[in-house]
Amino acid sequence: MAEKVVHKSWIIQYNLHSIVGILLLFFLFVSFYLIRDNIDGASSILANKPTRKNSSPRCDLFSGSWIFDNVSYPLYKEQQCSFMPDDFACHKFGRKDSKYHYWRWQPYDCDLPRFNAKGLLEKLKGKRVLFVGDSLNKNQWASMVCLIESSGIPSLKPPIWKGNLITFEVKEYNATIDFYWSPLLVESNCDDPVKHRVRDRIIRIEAIEKHARHWIDADILIFDSFTWWLEPQMTLQWGSFNSSDAIYKKVGMKLRRYEMALRTWSDWLEFQIDTKSTRLFFMSLSSSHKNATDWGMGNDENCYGETEPISTRDYWGSESDRKMMEIAEASVNGLKRKGLDIQYLNTTQLSEYRKDAHPSVYKRNWVAPTKEQLLNPRKNADCVHWCLPGVPDVWNQILYAYIMDSSRELY
């Protein structure tokens, strides 16, 4: 009888140990998967943040150099972007070399996060992003559209152009990536998105509402306005275009008129934008390469035929106006002090090096070339805009880093 009691006791203890062991194994199994998920989530978050190489608490994405990288670049192929405007489709229009595709921007003190279209769209779910400005901002908008399309998101429809506004909708995320043509930000006689090649530019320097009413519901606004202000003389107007009482004044001081326009722009933002929900960005001057003497070539040469970046550290071309940039940055800083969430993205220096990355003659000519231009292609070279894929993709990588960075560790 005693042996049976002992035997039963041993069986009960054995069963208890087995149950405890099974529960312990189950606990370890669940813990392993929870830890793995947390690590994966952390990795996903870190992938959207710049990785610092030193102990600095902040990251400067604008100081660095171009590194040749034909393994991970380009971020997409020209033929993969079905919405590519002909202005930037250099291979389609005959450019044979492709080395300009393979340069990666490498900041000195940190790594630029790789563009993740689906991660960005998750962040932008239910939101409207709007690029406002001239054809260089359209260049950047087209790059953003190509980056998103190349991610394989299904059912993307072609952008819809209505007046000055182009709308690109990503229905799966209820998000739009739009572009609005307004090259001088304020109203002018150059506001037609197609017929804007006007010799005598007339600017209503204090009028912006006609354009700005199309911006007010955007969640993220990206502005640019430099190139169209470089004319030696412009006519400023007070009063409407159709008014007999309008006042006109020819002004040659480009810095003064630029400052006046940005004051009109700043005032509108200060009083009309929801400071709690709207993020603002102002892109710095986009470098052009029309004067090859800047990098040691002849007087009659430009970006035509160039296939390599400029390697001189801190190179600065004669066409990039630092004083205009200072005015723009001062306007942005003034808005910051008034509580607006705005960043000045100074991509000029990184663009300065890329004399190889312009369309040159490899683009659609909206105006037929002259006989002189046909005989000497350099005279018809576009050394202002950028081939895609190319430099604007890096602008968008930096913009992406700022949008995804909630800790404000960038500067």
Side-chain angles (χ1 to χ4, degrees), residues 83-85 87-88 124 126-148 157-170 174-198 201 203-229 241 258 261-262 264-274 277-286 328 331-332 335 340-345 384-386 388 392 395-396 399 403:
F83 311 134
M84 173 82 74
D87 309 81
F88 320 125
L124 300 179
K127 291 183 167 56
R128 182 189 183 210
V129 178
L130 179 60
F131 290 82
V132 176
D134 57 22
S135 53
L136 285 158
N137 216 11
K138 185 183 177 185
N139 210 164
Q140 185 176 358
W141 167 82
S143 158
M144 179 67 80
V145 169
C146 291
L147 286 163
I148 288 171
K157 293 184 177 180
I160 298 169
W161 194 319
K162 186 177 180 180
N164 291 44
L165 181 67
I166 309 176
T167 298
F168 177 69
E169 186 178 7
V170 188
N174 189 27
T176 61
I177 314 293
D178 299 345
F179 169 75
Y180 186 90
W181 171 263
S182 182
L184 296 154
L185 298 181
V186 293
E187 295 175 27
S188 75
N189 64 344
C190 311
D191 289 342
D192 190 295
V194 179
K195 298 177 181 178
H196 47 252
R197 296 175 183 273
V198 181
R201 295 177 183 173
I203 298 99
R204 294 186 65 207
I205 202 71
E206 294 180 349
I208 199 170
E209 184 59 36
K210 183 184 83 172
H211 297 315
R213 60 191 175 89
H214 297 281
W215 315 339
I216 198 162
D217 64 338
D219 299 282
I220 298 176
L221 280 159
I222 303 104
F223 294 96
D224 96 312
S225 187
F226 279 101
T227 303
W228 282 66
W229 292 98
F241 282 117
Y258 185 57
L262 288 186
T264 300
W265 169 79
S266 299
D267 288 346
W268 184 86
L269 289 173
E270 180 184 355
F271 294 109
Q272 299 297 330
I273 288 295
D274 185 343
S277 63
T278 309
R279 295 191 69 179
L280 307 167
F281 298 92
F282 196 98
M283 303 303 299
S284 71
L285 182 151
S286 173
S331 296
V332 168
L335 288 170
L340 277 74
D341 185 357
I342 186 167
Q343 296 291 333
Y344 180 71
L345 300 188
V384 175
H385 300 96
W386 304 93
L388 294 178
W395 301 347
N396 278 325
L399 176 63
I403 291 172

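- Residues Ser135 and Trp181 share a closest heavy-atom pair of N-CZ3, 3.4 Å.
- Shortest non-hydrogen contact noted between Ser284 and Phe226 is C-CE1, 3.4 Å.
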Exercise for review: With side-chain contact (heavy atoms from CB on, under 4.5 Å) as the test, would you mind laying out the steps for Phe179 and Leu130 before giving the verdict?
Suggested key: CA-CA 6 Å; Phe179 169 75; Leu130 179 60; 5.7 Å; no

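- With a 4.5 Å cut-off on side-chain heavy atoms, Cys146 and Met84 count as touching.
- Atoms NE2 and CG, on His214 and Asp217 in that order, are 10.5 Å from each other to the nearest 0.5 Å.
- Ser286 approaches Leu136 most closely through the heavy-atom pair OG-CD2, 3.6 Å.
- Under the 6.0 Å cut-off for aromatic ring centres, His196 and Trp228 qualify, their centroids lying closer than that.
- Side-chain polar atoms of Asp267 and Thr264 form no donor-acceptor pair below 3.5 angstrom.
- In this structure, Ile177 and Met144 approach most closely via the heavy-atom pair CG2-CG, 3.9 Å.
- Formation of a donor-acceptor pair under 3.5 Å by the Asn139 side chain with backbone atoms of Trp386 is found in this model.
- With hydrogens and angles ignored, the 3.5 Å screen pairs no side-chain donor or acceptor of Asn137 with any backbone N or O of Asp134.
- The two residues Asp219 and Gly126 make their nearest non-hydrogen contact at OD2-O, 4.4 Å.
- Counting heavy atoms from C-beta on, the side chains of Leu185 and His211 never come closer than 4.5 Å.
- Taking 4.5 Å as the limit, every side-chain heavy atom of Ile342 sits out of range of all side-chain heavy atoms of Phe281.
- The aromatic rings of Phe282 and Phe223 sit parallel, their planes meeting at an angle under 30°, below the 60° perpendicular limit.
- Under the 3.5 Å distance criterion, the side-chain polar atoms of Glu169 are left unmatched by any main-chain donor or acceptor of Asn174.
- Of the N and O atoms on the side chains of Trp268 and Glu209, at least one donor lies less than 3.5 Å from an acceptor on the other residue.
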Exercise for review: Could you give me the CA-CA distance, side-chain angles and deciding distance for Arg204 and Val186, then say whether side-chain contact (heavy atoms from CB on, under 4.5 Å) is met?
Suggested key: CA-CA 7 Å; Arg204 294 186 65 207; Val186 293; over 6 Å; no

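- The one candidate from Lys162, Lys127, Arg128 that meets the salt bridge (charged side-chain N to carboxylate O under 4.0 Å, His left out) condition with Asp178 is Arg128.
- Annotation for Ser182 and Val132: closest pair CB-CG1, 4.2 Å, computed over non-hydrogen atoms.
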Exercise for review: Apply side-chain contact (heavy atoms from CB on, under 4.5 Å) to the pair Gln140 and Met283, showing each step before the final yes or no.
Suggested key: CA-CA 10 Å; Gln140 185 176 358; Met283 303 303 299; 3.5 Å; yes

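- In this structure, the side chain of Ser225 engages the main chain of Pro183 through a donor-acceptor pair within 3.5 Å.
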Point to revise | Pair Thr278-Ile220, side-chain contact (heavy atoms from CB on, under 4.5 Å): steps then yes or no | key: CA-CA 6 Å; Thr278 309; Ile220 298 176; over 6 Å; no

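- Aromatic pair Tyr180/Phe131: ring centres not closer than 6.0 Å.
- The ring of Trp141 has its center no closer than 6.0 angstrom to the ring center of Trp395.
- Shown here is Lys210, whose NZ atom has more than 12 heavy atoms of other residues, nucleotides or ligands within 6.0 Å.
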